[in-house]
Amino acid sequence: MDPIFQPFRDDPHYPLDRYEAAADLMLLNMGPQHPSTHGVFRLKLVLDGEIIVKAVPYMGYLHRGVEKMVEGLTFAQMTPIFNKHDYVSPMTNEQAYAVAVETALGIEVPRRARYIRTILAEIQRIASHLLWLSTFTLDMGGVIGGGAAMMMYNFREREDIFDLFEAVTGSRFHYNTHCIGGQRHDLPEGWVQRVRAFLDRQERAFDEYLRLIRNDIFDLRTKGVGVMSADLALGLGITGPNLRASGVDFDMRRDAPFHAYDEVEVRVAVAQGCDAYARYEVRMAEMRESVRILRLLLDQLPEGPICGSKPVKMANAVRVPDGRGYTAIEGPRGEIGTWLIGGGEDKGAKPFRLKIRPPSLHAMAAMSYLLPGHTVSDVVVVLGSLDPIMGEVDR
Amino acid sequence: MAVDQTNLSYEHPLYATMDKMPGITVATTTVDMLLTWGLKNSLWTFAMATSCCGIEFMHANGNRTDLDQMGSVPRPSPRHADVMVMAGTITVKMAPRILRLWEQMPEPKWCIAMGSCAISGDFYRDMYSVVPGIDTMIPVDVYIPGCPPNGDDLMAGLKRLQEKVEAQRAGRWVEPEGRPETAKAILPALGRVIDRDGTQTERQLRACQSMGLDGNEHRQSDLVAKSAGLLSNLLKLKGR
Ligand code: SF4
């Protein structure tokens with residue numbers, strides 16, 4: 001990459017007039033409606049020919065005002081709202097919320113419920129990474145250009161996963177299966193066998209995917225594109241696969257265990273490449289790791305109750321006292337944090353403030369650091385490799 | 001009834017010539033049937049996917065409920081599409097862009113409201129940043145309720161739209177679909193949208209105000225007037 005773009009990569013606010021352009025600079029808007037912006041997201045690009053000099057991301061096209069809305073809702077009413085932030089991994093979002101309230105109230109979750117949560121979270125991780133894989137290849141190949149083939153293979157497995165979730169929760173997409181203190185639905189009969197069969201199929205499918213996408217063009221388009229140093233990633237608060245692709249060995253599943261992760265061994269996938277290819281490598285390795293963890297969990301699945309000793313059923317029964325705390329779990333995209341201040345309206349039946357820390361928002365902040373010096377066609381590769389979900393960014 | 005032929009006006013002089021040719025009506029009806037058949041079986045969709053429903057729309061176009069089998073291919077550009085599928089929550093920031101994309105679509109065009117967010121705003125309806133339903137801006141032909149509606153629902157919706165297209169082409173009366181919710185419930189929210197920052201177009205304002213009275217009845221009466229006008233024109237043209 002040309003070193004004249006380095007100042008723009010170091011500091012997105014570097015003044016444009018210090019840049020000596022070969023031709024006139026051009027302003028190009030990408031989005032908010034663009035087939036590969038992963039939702040409604042706008043990117044303002046300043047171009048010198050085909051090279052990006054400066055990139056400014058604009059967000060907020062999906063701001064639904066959820067954080068304000070939940071201040072008027074009781075705690076039991078909130079679960080269905082929380083799975084709509086990150087609509088590619090609704091299960092983990094619900095869990096983040098459930099864990100936050102349980103921690104605030106000091107509720108102990110039964111062991112079986114914790115296992116069920118872990119199993120659901122890992123299946124959700126596979127589903128989420130599958131969607132990432134299909135959109136990533138779709139962006140690079142285009143629907144007409146053959147990229148859709150990958151999507152068809154991925155969605156075959158995703159439909160299987162939806163069937164599994166539907167069997168447990170009764171819903172394909174937005175599950176609402178976590179209540180405060182446990183699970184609402186127990187695993188149906190024969191479900192464990194179905195999951196095992198699915199895992200076998202999934203494992204075979206990985207090799208199929210590799211045969212489909214591993215070629216020189218894929219390497220050329222991803223290697224050395226969107227290099228994010230570990231310092232930058234840590235400075236921006238990036239977590240999850242994007243951080244691990246920059247060589248930082250950190251995974252909350254292993255380093256700050258929640259659910260039942262302390263009872264299984266999690267092998268964290270780390271790549272040193274820092275580029276889009278490394279992010280691809282990490283996610284692929286994570287899916288295989290999820291399959292391995294799931295097999296362990298299914299073997300160890302204990303019997304017992306799925307809800308706590310004092311089940312919280314009444315909507316107004318949950319009252320979070322005055323106080324504040326931060327809890328976080330590892331979702332498919334990184335750390336989903338919840339900052340909860342209790343003691344709101346109605347003697348604590350509603351939260352005073354509930355802030356969600358979405359991993360995608362932090363990943364989006366990296367866009368203006370990563371893009372200068374790349375061509376326009378690399379935008380979709382960089383954006384796709386970061387795997388943002390706009391619902392989570394804007395909330 | 002005798003009609004004064006001299007006062008008849010044709011849209012194009014060719015029509016006057018065509019009217020006198022023997023057997024032409026048979027030919028044109030056949031061609032028309034062919035066109036209708038083609039149109040209704042190739043409703044290309046433009047997914048205005050803003051949020052979760054967009055993912056389900058992708059699934060509907062995936063391999064289980066393959067919407068391609070109904071001839072509806074998803075297109076990334078509004079200029080290629082016949083049907084806009086509004087999938088997801090509409091925010092105040094996004095609404096002008098959605099309207100603009102809708103206006104970029106070539107006629108004839110239809111709109112499907114997919115999911116409760118696109119129909120009425122779902123539970124975000126009362127939030128400061130959410131537009132309560134796509135039909136405050138754009139006339140909707142088919143409502144598909146659900147959160148999100150799955151592929152089968154979408155397929156049923158497309159089927160309804162195909163029937164509607166066929167009926168429209170044949171000049172038959174089509175009962176407009178009612179919004180699965182009363183307009184009254186969203187009045188306060190509508191008020192907020194109307195006087196936000198004065199950037200709404202005339203059309204949006206009119207749509208909002210008409211919704212304020214009674215959404216369904218208003219549009220229905222509009223349609224009655226329109227079709228009555230069409231009918232009288234047609235009769236005039238045929239000289240009866
Ligand atoms: S209707 Fe439900 S699934 Fe669809 S966009 Fe709204 S919240 Fe998401």
Side-chain angles (χ1 to χ4, degrees), chain A residues 31-36 38-42 58-70 72-73 77 80-81 83-88 90 127-128 131 134-135 138 142-144 148 151-160 162-163 166 171-174 176 389-392 394-395, chain B residues 46-66 68 73-78 80 84 86-102 104 115-117 121-131 146-153:
Chain A
Q33 203 286 325
H34 185 278
S36 14
H38 290 243
V40 277
F41 169 64
R42 175 175 156 221
Y58 287 87
M59 300 152 201
Y61 289 96
L62 191 50
H63 177 63
R64 309 193 258 203
V66 169
E67 285 174 8
K68 187 71 200 160
M69 186 164 92
V70 294
L73 298 177
Q77 286 175 324
I81 292 169
N83 51 28
K84 275 139 196 154
H85 297 156
D86 178 355
Y87 35 81
V88 179
S128 170
L131 190 97
S134 57
T135 47
L138 212 65
V143 183
I144 309 294
M151 181 190 138
M152 289 297 163
Y153 281 89
N154 292 158
F155 274 42
R156 180 186 63 189
E157 270 79 52
R158 264 179 72 87
E159 290 282 0
D160 284 351
F162 276 11
D163 282 351
E166 198 174 0
S171 165
R172 256 168 75 82
F173 205 97
H174 290 316
N176 193 12
I389 294 298
M390 283 306 138
E392 194 182 45
D394 301 332
R395 301 189 296 290
Chain B
F46 163 58
M48 188 57 247
T50 56
S51 55
C52 353
C53 279
I55 305 289
E56 194 60 31
F57 185 77
M58 277 171 83
H59 269 271
N61 283 297
N63 33 18
R64 172 135 344 150
T65 44
D66 186 7
D68 282 14
V73 186
R75 301 300 305 180
S77 165
H80 304 170
M84 179 161 116
M86 181 65 228
T89 323
I90 309 145
T91 56
V92 171
K93 193 171 177 179
M94 194 63 195
R97 275 89 179 169
I98 293 173
L99 198 66
R100 184 151 167 201
L101 287 163
W102 167 254
Q104 283 177 355
S116 27
C117 277
D122 208 356
F123 38 59
Y124 306 110
R125 180 172 54 213
D126 293 333
M127 278 332 285
Y128 53 87
S129 59
V130 174
V131 177
C147 181
N150 63 19
D152 304 339
D153 295 341

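Please read these numbers as outputs of a predicted model, since none were measured by experiment. To find a chain, count down the sequence lines: A is the first, B the second, and so on, and within it residues start at 1.
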Examine whether an atom of [X] lies under 4.5 Å from a heavy atom of chain B, and if so say whether it belongs to the side chain, the backbone or both; otherwise answer neither.
{"X": "A:S171", "result": "neither"}
{"X": "A:I81", "result": "both"}
{"X": "A:R172", "result": "side chain"}

Minimal heavy-atom distance between B:P76 and B:F46, with the atoms involved, is O-CE1, 3.7 Å
Residues passing the side chain to side chain contact (heavy atoms under 4.5 Å, CB included) test with B:R64, sequence neighbours excluded, are A:E159, A:D160, A:D163
Residues passing the side chain to side chain contact (heavy atoms under 4.5 Å, CB included) test with A:H174, sequence neighbours excluded, are A:N83, A:K84, A:Y87, A:P90, B:C52, B:C147, B:P148
| query | Quick check, are the ring centers of A:F162 and A:F173 under 6.0 angstrom apart? | reply | yes
If one checks every heavy atom of B:N61 against chain A at 4.5 Å, the contacting part turns out to be backbone
The interface call for B:M48 against chain A, heavy-atom contacts under 4.5 Å, is side chain
message: Students often mix this up, so state it plainly: with edges at 30° and 60°, are the rings of B:Y128 and A:H63 parallel, tilted or perpendicular?
response: tilted
